[in-house]
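Take a look at the structure set out below.
One-based numbering, in listed order, for ligands and for the atoms of each.
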Amino acid sequence: MTTRRHRMLAATLVAAMLLPGVSDAQRTRRPRARPASRNDASADSVVLERRAARIADSLLARMTLDEKLGQLTQSPAGYGQTGPTVDAAGEKDVREGRVGAFLSLYGADVVRKMQRIAVEESRLKIPLLFGYDVIHGMRTIFPVPLGESASFDSVAAARSARIAAIEGTAMGVNWTFAPMMDIARDARWGRIVEGSGEDPYLGGVLAAARVRGFQGDRLRAPDALLATAKHFAAYGAAEAGRDYNVASIGERQMFEVYLPPFQAAVRAGVGSVMASFNEIDGTPAHASHWLLTDILRDRFHFDGLVVSDWTGVWELLNHGIARDSATAAKRALGAGVDMEMSSTLYRSTLAAEVKAGRFPLARVNEAVRRVLHAKAVLGLFEDPYRQISPEREARDLLTAEHRAAAREIARESIVLLTNRSVNGAPALPLRKDLRSLAVIGPLADDAQSAIGPWSGAGRAADAISTLEGIRKALPNTRIIHARGAPVDTESTAGFGEAMRAARDADAVLLVLGERGDMTGEASSRASIELPGSQLALAQAVVRSAGPGKPVVAVLMNGRPLAVQWLADSTSALVESWFLGVEHGNALADVLFGDFAPSGKLPVTFPRATGQVPIYYAHKQTGRPADPNNHYSSKYLDLPWTPLFPFGHGLSYTTFSYANLLVSSGSVRAGDPLVVSVGVTNSGKRAGTEVVQLYLRHDAASVTRPVRELHGFQRVTLRPGESRTVRFVLDPGDFALYDLDLRRVVEPGTYTLWAGGSSEATVSAEVTLTGATKVLAPAPPRMR
Ligand code: NOJ
């Protein structure tokens, strides 16, 4: 469309939207005037907000009930030979105002086509939302979120989200179902790969950064994506790590562990929230008024759009809390789910319920207003096409700049787990002048796995596999490649070839783990050991390599794996996750020493599956584990400690800590506290350390975790260089939920630790004096 025609259409649309006449009954809970994005607090944005409200009012006054229910419906796209598509029935739905949004429809041409039908051929000309799971990149694929979280770098997280938004919007998407911020402490749960791991503080910092990255400075900018905080809530607490399962947790865990990242995302201005599949204490999240309204709206002051998960409304029938579709629809919309994804119960049942007086029209109007408001803040009423064009699509995807960012972020995400000495020197980095290198394992040449699950519009063909990255980095080395074993079956047919390669080469690289599709949705595993015959392969290869030869194991995986044997018996162990399109290049940068690793584990690695759930911020118990006390909290057959703790990660240099100081040894409860610690690069090369600060309330009115993360900073130091790192602890850092679930700061003693992992030992104490300070009243009780 020409710019002139486009402007005329926009003017007509806006004029049409601004007609007066909405009844008071329709003026229910309106989105409050808030900046259209967190960073857009200008007077201009208040004007835009008012305009959005007027557009919604005006439309609501003219919509039929069926059109309203259409706005609350999100339809999935089909997939044809040329990519995502909508069939004739879908087009007719748009024309007739029976759909407000599409899911998984992307591509400049097809999106423009559907939007044109909506804004030119439907009665009210309301533009469509186009939602998609842009999780860790659209075409330029970044590390999976769990991997990226190992960077402990909020700037990196915001940057990858920004680039994903630029590319996603270029392909017509205006709404992403990300970031996922479910705290996950059970590695069997396959969706652990999509989040930031086990820690609410880290999860909150990264969730906020990703929201800012996706949404940019102004949501109405053509390269901004409406972000979604998901899955609300406690989906990561799935019992036994089995996807979609019940979350057996209480209110305290909800507030202490599972909700903080959501609150951080709301504070960062997230535009939408997705309900989670699980039930909590008798009520599925999709039907929980307590969760979606009492907490999300009234306590967190979220005023955006709540979307169901895929068929989440319909699934209320399976949950056994609705006998028929109409009841399921009424329970979900009544609880606070504004838009229904994929199933169409709202559209098919609610008109009759409203007409018969069995469901309030006001709640329908409120939900429609949220949908229209989201469309307005995205600027869709001014420019429904958001400057999407095949030219922009061709220009903005997988650019050299985006690839460079992907490589930088991927390098930061790699975690060096062990690095032993071989012939008097650390096994890593490997020398670049190796005459020969055996690259062994089923994942070494797997470019599809490199881009991991939820890979948007990413393509394996764009990705650099481990093998390719190594070949490029070592052009003069003979690379002997042997797959050795399949990923997840028991065959040993390739062992002989792999063993010969290990025997003949100067050094060995074992690339083991899981395929990209072995984590993600519906990808829970009952065992988190290395699948198939891979462990046996590793054992055969180490035997065949013999002593004095470096055998480096590299893991590719989206969850912690129980790899005790590898940790004990290889020369070095590297966690590379699924690093995205630059996987092999980034890994080679680390393996051959061009980049000193700085990643830290965002999640605890157990020794064996039987230890899960395992996480550092556990409660002490009345019988803390004690090797000298049989009757203490431990196992008969395994140590109670993890294989690798949260926050662990080595570099090619070492760091030492000293002088953890507090601004005052005693402060009034409710006052801030400045903490500083000296960190020194005590090794021989430059490196980056993630300095971590942990805190424990020593004796409180309720039990507290043994320690919790309350700050981290990435610090780059030259050899011998020291730096004093400062943290400011706010009252909220000292707060707990008391017996009444009030958020309070209690007087008492607190211990602080600073260091390079959750096992940091440099400590200090501070006493909070005075009376208990109430930061927030008790929330409404779960019901
Ligand atoms: C189901 C998943 O749970 C959710 O995370 C995703 O956004 C939707 N499907 C849409 O793909």
Side-chain angles (χ1 to χ4, degrees), residues 73-79 83-84 86 99-106 129-138 144-146 161 164-165 168 171 173-184 189-196 203 207 210-211 214 225-238 241-247 258 261-262 265 270-280 284-286 304-316 318-319 332 337-344 374 452-458 517 519-524 558:
T73 302
Q74 179 172 41
S75 295
Y79 204 88
V86 176
V99 50
F102 274 100
L103 158 71
S104 306
L105 188 71
Y106 58 86
L129 288 169
F130 296 95
Y132 188 44
D133 293 280
V134 184
I135 306 287
H136 55 115
M138 184 65 179
V144 287
L146 185 67
M171 298 192 86
V173 180
N174 49 33
W175 182 15
T176 178
F177 304 126
M180 189 277 226
M181 53 198 68
D182 295 308
I183 298 301
W189 190 55
R191 302 201 75 172
I192 195 170
V193 66
E194 295 172 51
S196 298
R210 289 175 175 139
V211 166
F214 284 129
L225 281 177
L226 193 78
T228 306
K230 76 182 189 185
H231 306 82
F232 198 66
Y235 185 28
R242 187 156 53 78
D243 206 5
Y244 315 120
N245 206 359
V246 173
Y258 294 97
F262 289 94
V270 72
S272 71
V273 166
M274 184 185 290
S276 58
F277 282 131
N278 54 285
E279 73 149 88
I280 307 147
H286 280 77
L305 170 66
V306 174
V307 64
S308 84
D309 202 341
W310 180 283
T311 63
V313 176
W314 173 83
E315 287 172 27
L316 295 180
N318 281 346
H319 278 287
V337 177
D338 299 313
M339 180 179 265
E340 181 180 8
M341 180 192 285
S342 186
S343 55
T344 52
W454 293 112
S455 48
D517 62 2
T519 45
E521 191 179 346
S523 299
S524 294

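- Legend: residues meeting side-chain hydrogen bond (donor to acceptor under 3.5 Å, both in side chains) with S343, ordered by chain and number and at least two apart, are E340.
- Taking the six-membered ring where the residue is Trp, H231 and F277 present parallel rings, their angle staying beneath 30° rather than reaching 60°.
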### Query
Would T228 and S272 satisfy side chain to side chain donor-acceptor pair (under 3.5 Å), going step by step from the backbone distance to the final call?
CA-CA 5 Å; T228 306; S272 71; 2.7 Å; yes
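- Between F262 and F232, the distance separating the two ring centers is shorter than 6.0 angstrom.
- No side-chain donor-acceptor contact under 3.5 Å links Y244 and E315.
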Could you check ligand 1 for N or O atoms lying under 3.5 Å from protein N or O atoms and list the pairs with distances?
from: ligand 1; atom 1: 3 (O); to: R191; atom 2: NH1; distance (Å): 2.6
from: ligand 1; atom 1: 3 (O); to: D309; atom 2: OD1; distance (Å): 3.3
from: ligand 1; atom 1: 3 (O); to: D309; atom 2: OD2; distance (Å): 2.5
from: ligand 1; atom 1: 5 (O); to: R191; atom 2: NH2; distance (Å): 2.9
from: ligand 1; atom 1: 5 (O); to: K230; atom 2: NZ; distance (Å): 2.8
from: ligand 1; atom 1: 5 (O); to: H231; atom 2: NE2; distance (Å): 2.6
from: ligand 1; atom 1: 7 (O); to: D133; atom 2: OD1; distance (Å): 2.6
from: ligand 1; atom 1: 7 (O); to: K230; atom 2: NZ; distance (Å): 3.1
from: ligand 1; atom 1: 9 (N); to: D309; atom 2: OD1; distance (Å): 3.4
from: ligand 1; atom 1: 11 (O); to: D133; atom 2: OD2; distance (Å): 2.4

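- The side-chain contact (heavy atoms from CB on, under 4.5 Å) test with F102 singles out one residue from W175, Y132, F130, and that residue is F130.
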